Amino acid sequence: MTDFIEPQKKFNVESSGLDINAVPFKEVNQPGPASLLEQAKGFWVTFSTMFKKNQTVQYPDVKAPTAPRFHGRHQLNRHPDGLEKCIGCELCAWACPADAIYVEGGNNTPENQVSPGERHGAVYQINYLRCIFCGLCVEACPTRALTMTNEYELADDKREKLIFEKEDLLAPLRQGMLAPPHPMYPGMTDTNYYNGDVKESHPSQNLNGQG
Amino acid sequence: MTTAELLAKDPGWIIVVKALIVFVICVVSTLMAVWTERRVLAKMQLRTGPNRVGKFGLLQSLSDGVKLALKEDIIPAAADKIVFIIAPIIATAMCFMSFAVIPMTGVVNLFGHKTALQLTDLPVGVLYVLAVTSIGVYGVVLAGWSSGSTYPLLGGLRSSAQVISYEVAMGLSLVAVFIYAGSMSTSVIVSSQHQHIWNVVVLFPSFIIYVISMVGETNRAPFDLAEAEGELVGGFHTEYSSLKFALFFLAEYVNIIAVSALATTLFLGGYHALPGLGFTEQWLGGWFTFIWFLLKVNFFFFIFMWLRGTLPRLRYDQFMKFGWKVLIPVSLVWILIVATLRVLQQEGASRPVVIAFAGGVVLIVMAISSLSDRSKQKSRAPLPEGEAPDFPIPSLPHVKSVKVSGGE
């Protein structure tokens, strides 16, 4: 290892015929300083701006809506009967450039059917201290389980509080949804679920006898 | 009765009360000035500015001050402790002292005593202000040096160079006022303006030079090279925290208000009303003159804010060039003209002589400016063929140095 890079070939100005003087001179139009009146225009800009409507949003009092596709906090979606869409495949974790997502898959059993099919996400964590909100995880998700909301108020005073667990990320139960685990819709396979054939929960899915 | 005679009759307790009033005016106007500046600058930048503490955010600077006072006071290990502590005290005390000679009201009734709101009236009042503000520079220089750190040192040196350079121009611009008023006493200058016409009209070039140099003197944008955030972190006060930093902050703003008050006194007729509104001076038992004074000071303070909102910071060499090669020669020539006119007037020269002199000056100025324009045009003329300048080029390793001469 040497400290400097040895030039490969000695460059000789005379022999190469490349002379700086070979380059023709070109007159470049360089305007000098503008006139004093022209320069004073800036003062009018600042003065007139004082009487314009200002752009500040009084944030905690007024919350301006974000752009519709703003990358905010993640959400783990559900099928219309309440079963989770996440199948614990870890593709989101692999796609994540900031290594912010941690997933552990688990087997679905007849007693513990969390999502349609064989597997579900048993542990799902997103570390919002690492997340850069690039959305590559959403692109990677094969079941549209992971999407992003517009929620942007993610500040907190403890590092631990900024690691969101599955319960923090799961979408709320809507009308007609039952909290998993519960059996799949009678007569439906996971393919039917993905094709959108399941529109709501079936009374037989309710194990707790409610709803 | 002149103001000096009026003030000479003040009993001791009135002087103490007035000193207290002047101090309170300085501190309160600093708090207000910080708030005003933040709000006005925000307006110039399409923002709102502080509006949450108190009504319209009026208490923002007060809460900032309390916050500063409650912070941890750090003295760096490399600092010279005694000087480090004395420096902010010097800077602040000198700013307050310059307010002693500023006449803020006409004759008023203060606790049953007929006096004027002016602490003292020195025969050399304006020189006193200049002297005191230059001692204030010691605060800045010592702060920079005693911090035991590079950036504060550079900031302190820049600041001293700057203030010394611009103090010359400032002093020269005031000479014309002295010649015209025949006195250096602030109250006499105010009353002479009241009898004739404001100095801003007759001595307009002096006024412009003073306004420019007062911005340089107070280290404010666009001349804030001493605390250029992008270059020197915080400048001379980088290592300061807590109350000591607050003192520098206070000093900066009191200094701004002091030079504005001096400008008001010397050029805008002091506490007197605008021409034609003289009847307002009797309102509130004469205290209304204080409102006129405040209005004029605020006018200058607005200029400070306007400059800060509009202009970028100057490069150091351009700044020095402007001070030494433009401001000082121009004010020297201007003093010559004013002095000559004054002598002609006092010697009872006839009107044609005065007009001839003024016309001669105008002709000379026009001739010089057209000559300089022509020389500029000549230097801009296209380069003749084959006459390119000879630039020496530093040699690169393994390459023979190239001599550049005329393009063919």
Side-chain angles (χ1 to χ4, degrees), chain A residues 1-67 153 155 157, chain B residues 36-52 57 208 221-222 302-312 318 322 326 369 372-373 375-377 379-393 395-408:
Chain A
M1 282 283 284
T2 49
D3 296 308
F4 59 93
I5 300 161
E6 197 70 31
Q8 297 199 320
K9 213 169 98 185
K10 285 190 180 177
F11 182 77
N12 195 323
V13 179
E14 276 101 70
S15 64
S16 68
L18 279 173
D19 188 0
I20 289 177
N21 293 329
V23 182
F25 272 105
K26 203 174 167 190
E27 191 71 27
V28 182
N29 186 28
Q30 278 183 315
S35 69
L36 213 57
L37 197 72
E38 203 75 11
Q39 291 185 34
K41 274 183 183 171
F43 284 93
W44 174 246
V45 171
T46 41
F47 190 78
S48 59
T49 306
M50 279 199 298
F51 305 102
K52 286 180 186 155
K53 193 177 168 290
N54 64 47
Q55 304 288 315
T56 309
V57 178
Q58 297 298 326
Y59 163 60
D61 306 333
V62 181
K63 281 178 188 160
T66 61
E153 288 174 324
D157 54 1
Chain B
T36 317
E37 177 170 36
R38 290 181 65 182
R39 291 285 287 196
V40 171
L41 266 183
K43 279 273 165 208
M44 286 178 176
Q45 297 163 353
L46 291 178
R47 297 183 288 118
T48 310
N51 64 344
R52 303 200 78 82
I208 293 294
F302 178 75
I303 290 180
F304 271 106
M305 293 186 282
W306 201 6
L307 285 170
R308 184 172 167 188
T310 309
L311 296 176
Q318 290 173 337
F322 182 65
V326 180
S369 71
S372 74
D373 270 6
S375 73
K376 256 183 217 163
Q377 273 172 6
S379 67
R380 287 253 191 82
L383 288 167
E385 203 73 17
E387 258 191 55
D390 244 352
F391 297 120
I393 293 181
S395 58
L396 296 164
H398 307 293
V399 177
K400 257 178 75 184
S401 77
V402 186
K403 193 166 172 241
V404 182
S405 56
E408 278 132 65

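In this text the structure is predicted, and so the values were computed from the model without any measurement. Hydrogens, waters and symmetry mates play no part in the numbers below; they use all other heavy atoms, side chains included.
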Revision key, fill the gap. From the list A:Q39, A:Q55, A:K53, the residue making the most non-hydrogen contacts under 4.5 Å with chain B is A:Q55
Practice item. For chain A, find which of B:L311, B:T310, B:L307 contributes the most heavy-atom pairs closer than 4.5 angstrom. Key: B:T310
Check your understanding: So which bits of residues 40-49 of chain A come within less than 4.5 Å of chain B, counting non-hydrogen atoms only?
Key -> A:G42, A:F43, A:T46, A:F47, A:T49
Review point. Where is the tightest heavy-atom contact between B:R52 and A:Q58, given as atom of each residue plus distance?
Key: NH1-OE1, 3.6 Å
Exercise for review: Under 4.5 Å heavy-atom distance to chain A, tell me which part of B:L41 shows up: side chain, backbone, both or neither.
Suggested key: neither
Exercise for review: Quick one: list whatever passes side-chain hydrogen bond (donor to acceptor under 3.5 Å, both in side chains) with B:Q45, sequence neighbours left out.
Suggested key: B:R47
Check your understanding: Is a donor on one side and an acceptor on the other found under 3.5 Å between the side chain of A:T56 and the backbone of B:T48?
Key -> yes
